[in-house]
Amino acid sequence: QVQLVESGGGSVQAGGSLRLSCTRSGYPYPNMCMGWFRRAPGKEREGVAILLTGGRQTYYDDSVKGRFTISKDNAKNTLYLEMSSLKPEDTAMYYCAADIRECFGGVLALLTSAFSYWGQGTQVTVSS
């Protein structure tokens with residue numbers, strides 16, 4: 001079993017920055033695909049970025065490339081999402097997710113149904 005707890009959300013003005021954290025507990029699988037997803041009001045959950053905990057593989061949605069950076073600290077079992085140049089359209093509940101496998105590439109990379117473990121979410125609100 002894997003448990004995920006997000007933190008770091010908040011309210012910022014457009015152009016600002018935030019860093020989200022996701023702490024993982026449970027069985028210490030050496031290689032997992034972990035990522036960040038978000039759901040804006042009235043919209044479906046969508047993928048933001050993923051990485052492989054045992055390697056360097058990363059993948060970003062086009063909407064956040066160049067603004068968001070996903071990273072990990074395996075010693076702390078923590079996943080991060082550094083968000084900069086935030087826009088009002090980035091407003092959403094942000095979720096951490098994980099699955100016990102290599103990360104998929106291409107169109108399957110950010111598929112929400114491919115992740116088995118989810119956190120409760122942390123709210124990010126960007127005002128104009």
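Residue numbers count from 1 along this sequence.
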task = Give the cluster check for Val124 versus Val64: same hydrophobic cluster or not, with ILVMFWY residues linked at side-chain heavy-atom distances below 4.5 Å.
result = yes
query: Would you say Glu6's side chain and Cys96's backbone share a donor-acceptor pair under 3.5 angstrom?
result: yes
Looking only at heavy atoms, the pair that brings Thr91 and Ala40 closest together is O-CB, 3.6 Å
| said: Strictly distance-based, threshold 3.5 Å: is any side-chain N or O of Trp118 a donor or acceptor partner for the main-chain N or O of Leu4? | reply: no
Taken to the nearest 0.5 Å, the spacing of Trp36 CH2 from Leu110 CG works out to 14.5 Å
Of all heavy-atom pairs linking Leu79 and Ser71, the shortest is CD1-O, 3.4 Å
With a 4.5 Å cut-off on side-chain heavy atoms, are Val126 and Lys87 touching?
no
- Query: So do the side chains of Phe115 and Ile50 get within less than 4.5 Å of each other, counting heavy atoms only?
  - Reply: yes
Residues Tyr29 and Gln1: closest non-hydrogen pair is OH-N, 4.2 Å
OG1 (Thr122) and CG (Leu81) are apart, to the nearest 0.5 Å, by 11.0 Å
Hey, are the side chains of Phe104 and Cys33 touching, using non-hydrogen atoms and a 4.5 Å cut-off?
no
Original post:
When hydrophobic residues are tied together by side-chain contacts of less than 4.5 Å, even through go-betweens, does Met93 share a cluster with Leu20?
Top reply: no
Glu82 (side chain) donor-acceptor with Arg19 (main chain) under 3.5 angstrom | no
ask   = Taking a hydrophobic cluster as the set of Ile, Leu, Val, Met, Phe, Trp and Tyr residues connected by side-chain heavy atoms closer than 4.5 Å, whether directly or through intermediates, do Tyr80 and Tyr94 fall within one such cluster?
value = no
When every non-hydrogen atom of Pro88 is compared with those of Ser127, the smallest separation belongs to CG-C, 4.5 Å
TODO: Check whether any side-chain N or O of Asn74 sits under 3.5 Å from a backbone N or O of Thr53 as a donor-acceptor pair, and report yes or no.
DONE: yes
Donor-acceptor pair, distance only, cut-off 3.5 Å: does the side chain of Ser84 make one with the backbone of Arg67? yes
Please examine the side chains of Met32 and Val2, heavy atoms only from C-beta on, and report whether any two atoms are closer than 4.5 Å. yes
Q. Taking the side chain from Gln120 and the backbone from Val5, do they hold a donor-acceptor pair closer than 3.5 Å?
A. no
What one should report as the nearest heavy-atom pair of Arg24 and Met34 is NE-SD, 3.6 Å
Rounded to the nearest 0.5 angstrom, the CG-SG distance for Leu108 and Cys103 is 12.0 Å
With a 6.0 Å cut-off (strictly less than), is the heavy-atom count around NZ of Lys76, excluding the residue itself, greater than 12? no
Heavy-atom nearest pair, Arg45 first then Thr112, reads O-CG2, 3.9 Å
query = Is there side-chain contact between Glu46 and Asp61, with at least one heavy-atom pair below 4.5 Å?
reply = no
hydrophobic_cluster_shared for Tyr60 and Val48, side chain cutoff 4.5 Å | yes
Pair Glu102-Asn31, side chain to side chain contact (heavy atoms under 4.5 Å, CB included): steps then yes or no
CA-CA 7 Å; Glu102 300 273 337; Asn31 214 18; 3.0 Å; yes
Does the side chain of Tyr59 come within less than 4.5 Å of Ile70's, by heavy atoms? no
query = Taking C-beta and beyond as the side chain, do Met83 and Asp90 meet within less than 4.5 Å on heavy atoms?
reply = no
Looking only at atom types and distance, does a side-chain atom of Ser116 sit under 3.5 Å from a main-chain N or O of Asp99, one as donor and one as acceptor?
no
